[in-house]
Amino acid sequence: MSRKAPVTAPAATRRRAPGSDETASGGTGALAHLHTELADWFSREARDLPWRAGDRTPWGVLVSEVMLQQTPVVRVLPVWREWMERWPNPADLAAEPSGEAVRAWGRLGYPRRALRLHAAAAVIVAEHGGELPDTEEALRALPGVGSYTAAAVAAFAFGRRATVVDTNIRRVHARLLGGEALPAPALTAAEQRRAAALLPEDTALSVAWNAAAMELGAVVCTARSPRCAACPVAAECAWRAAGEPPPTYTPRGQAWHGTDRQVRGAVMAVLRAAEHPVARVLFEAPVPGAAGPPAGGAVTAALGRLHALGTGPDQLERAVAGLLADGLAVEEAGRLRLP
DNA sequence: GAGGCGTGGGG
DNA sequence: TCCCCAAGCCT
C-alpha cells in the first residue's frame, strides 16, 4: 500500500477539503470526481439493453452475463431474448435436457457455457428454491460462475456493493490510472486491489461505478481505437497525459486453423442442426455412394463444412472424444447426438 | 498458471 | 485477406 495515489488527475483539479481523504469513501477528492463524472455519463449514455431494464430478473441478468463471456453484445441480444421467452425461470430450463440449452445456444461460441448454465439452473432449483442466491459467495459456487460473473450478478441484479473486474474495467483502469495502453495479459492481484480501492463506499454509487466503467470500456475506451473525444474523463486520463504510449507487449492470438477447437465447432454445428442422432461414420468423411443425405439440408451442409476442413481421422477422433468427455455430445449405437 | 475452449464482425 | 478480439471459466 505504499504506492502513490492511484488517481493522477491534473493538480489543478485536486481540491481537498479539510479533513477529506483520497480513499473510496467519497468526499471531494479527485476519486470522488471520477465517480460522479462516470456515473453521470452512464446515466446519460448507457445503451438500452434488455438485461438492464426495470423489469429485469436476476435469472435474466445471470443468463446475460454468461452469454456475454467472450461474446459481443450484438450477437447475444437475439439469443438472450429467445432464452428469456422460453425459459423465464431457472426451473424452466432445468426441466429440459441439457442438449436443448446447447441447441438454443446457437452460434454464440463456447457451448460449454450453455451446459454450465443448465447445470446452474439445476443447482438453483435444488439448493436455492428456484431463486438466484444474492451473495457473491453463493453465486460463485454455481457452475460457470467465476469471480467476475458472481460480482456482476451481485451488483447488477441485486444492487450489492461488489468489486467487478472484467476486461473492460481492467482496460479503463490501466489507461485512466495506470497510464498504460493495455492491462497485463492476465489479471493480477495488484489490479484487483486497485479495483477494490476505487470502488465507492456508497452502495448505489458503487453499482453505477461498476456499470459505468464497463460501459466506458465497451463503447469508448475500446481496445483497438479508443474514442477519446467522447470520453467524459479524458482530461483525467493518465495514458493520454503520458502521450498515449503503445502497449508494452504484443498479445498472442489464439491458434485456430487446424486446431481441435475448429473441428469441435464443426462437429457441434452438425449436432445442433440434426434433429436425430447422426451416424458417427458420417463425420469421418463424405460417403461417395451413400443412398442419400442422412437428414435435412442443414445437416448435410454442416457435414460438408466439417469435411471441408480435411481433418484427419485421428484428430476427428480426438475432437469427438473431447466433446463426449465434456458432455456436449452423447454416443449411442454408433450415433452422435446432443445430450 | 498456462492452455484449452467457438464464433463472427471489424480494422 | 488476415488478425485481433468480445461482460471468462475451468483444469
Side-chain angles (χ1 to χ4, degrees), chain A residues 42 46-47 49-52 60-80 102 105-117 119-120 139-157 162-172 181-189 192 195 210-219 221-227 247 249-257 259-272 302 305-306 309 318-319 321-323 325-329:
Chain A
F42 183 75
R47 290 168 294 175
L49 301 172
W51 45 83
R52 288 174 175 169
V61 173
L62 174 64
V63 172
S64 78
E65 291 299 343
V66 174
M67 287 183 172
L68 287 164
Q69 292 169 3
Q70 306 282 279
T71 302
V73 167
V74 288
R75 281 165 48 202
V76 164
L77 276 169
V79 181
W80 183 86
V102 174
W105 195 253
R107 297 183 299 193
L108 290 182
Y110 292 143
R112 292 189 291 192
R113 292 182 292 165
L115 229 40
R116 291 174 181 150
L117 211 34
L139 289 163
R140 180 70 177 74
L142 298 174
V145 177
S147 63
Y148 159 74
T149 302
V153 173
F156 305 139
T163 303
V164 179
V165 182
D166 78 321
T167 188
N168 289 309
I169 288 177
R170 294 183 62 215
R171 187 172 53 251
V172 167
L182 295 173
L187 178 62
T188 66
Q192 299 183 65
N210 282 325
M214 287 184 63
E215 186 78 351
L216 189 73
V219 305
C221 195
T222 56
R224 208 81 66 100
S225 44
R227 301 166 49 226
Y249 70 97
T250 57
R252 291 184 55 81
Q254 300 173 328
W256 171 248
H257 204 74
T259 62
D260 284 6
R261 265 204 297 176
Q262 186 183 30
V263 180
R264 286 170 57 112
V267 171
M268 288 304 298
V270 174
L271 298 184
R272 284 196 307 268
R305 272 178 250 117
L306 170 62
L309 297 178
R318 189 167 61 246
L323 292 174
D326 287 346
L328 283 167

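Chain naming here is simple, since letters A, B, ... match the order of the sequence lines and numbering starts at 1 in each.
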> Can a donor-acceptor pair under 3.5 Å be found between the side-chain atoms of A/R261 and the base atoms of B/dG6?
Replying inline: yes
>> I'd like to know if A/T259 reaches the base of B/dG4 with its side chain such that a donor and an acceptor end up less than 3.5 angstrom apart.
In response: no
Is any side-chain N or O of [X] closer than 4.0 Å to OP1 or OP2 of [N]?
X      : N      : result
A/R171 : C/dA6  : yes
A/R112 : C/dC10 : no
A/T149 : C/dC9  : yes

>> Minimum heavy-atom separation for A/A213 and A/V172, please, with both atom names.
In response: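 So the minimum-distance heavy-atom pair works out to O-CG2, 3.6 Å.
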> If you take all heavy atoms of A/L108 and A/T71, which pair is closest and at what distance?
Replying inline: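 Minimum heavy-atom separation between A/L108 and A/T71: O-OG1, 3.0 Å.
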Candidate nucleotides [options], ranked by approach to the side chain of [X] - the nearest:
X      : options              : value
A/S147 : C/dC9, B/dG6, C/dA7  : C/dC9
A/Q69  : C/dA6, B/dC5, C/dC9  : C/dC9
A/R107 : B/dT7, B/dC5, B/dG6  : B/dT7
A/R140 : B/dC5, C/dC10, C/dG8 : C/dC10
A/R75  : B/dG6, B/dC5, B/dG10 : B/dG6
A/Y110 : C/dA6, C/dC4, B/dC5  : B/dC5
A/D260 : B/dG11, C/dC9, B/dC5 : B/dC5
A/A223 : B/dG6, C/dC5, C/dA7  : C/dC5

Write down the distance between [atom1] ([X]) and [atom2] ([N]), rounded to a whole number of angstrom.
X      : N      : atom1 : atom2 : value
A/M214 : C/dA6  : CE    : C1'   : 11 Å
A/E65  : C/dG8  : CD    : C1'   : 11 Å
A/R224 : B/dG8  : CZ    : P     : 18 Å
A/W256 : C/dT1  : CH2   : C1'   : 18 Å
A/Q254 : B/dT7  : CD    : P     : 13 Å
A/R116 : C/dC10 : CZ    : P     : 6 Å
A/L187 : C/dG8  : CG    : C1'   : 11 Å
A/L182 : C/dC4  : CG    : C1'   : 11 Å

Compare all side-chain heavy atoms of [X] with those of [Y] and state whether any distance is below 4.5 angstrom.
X      : Y      : result
A/R75  : A/R107 : no
A/L62  : A/T149 : yes
A/L328 : A/V267 : no
A/W80  : A/L68  : no

>> Judged by each residue's nearest nucleotide on DNA chain C, which is more toward the 5′ side, A/D166 or A/P143?
In response: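 The residue closer to the strand's 5' end, by nearest nucleotide, is A/D166.
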> Just one of A/L187, A/D166, A/V165 clears the side-chain contact (heavy atoms from CB on, under 4.5 Å) bar with A/Y148, so which one?
Replying inline: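 Looking at A/L187, A/D166, A/V165, the match for A/Y148 under the side-chain contact (heavy atoms from CB on, under 4.5 Å) is A/D166.
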Base, sugar-phosphate alone, or nothing: which one does [X] contact when heavy atoms must sit under 4.0 Å apart?
X      : value
A/T167 : sugar-phosphate
A/V66  : nothing
A/I169 : nothing
A/W51  : base
A/R47  : base
A/L62  : nothing

> Looking only at atom P, what distance separates C/dA7 and B/dG10, rounded to whole Å?
Replying inline: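 Here C/dA7 and B/dG10 have their P atoms 15 Å from each other.
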>> Distance check, P atoms only: C/dC9 and B/dG8, in whole angstrom units.
In response: 23 Å
>> Using heavy-atom distances to pick each residue's nearest nucleotide on DNA chain B, tell me which of A/S225 and A/G106 is more 5'.
In response: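 On the 5' side of the pair lies A/G106.
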>> If you assign each of A/R113 and A/A186 to its closest nucleotide in DNA chain B, which residue comes earlier from the 5' end?
In response: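 By nearest-heavy-atom nucleotide position, the 5'-most residue is A/A186.
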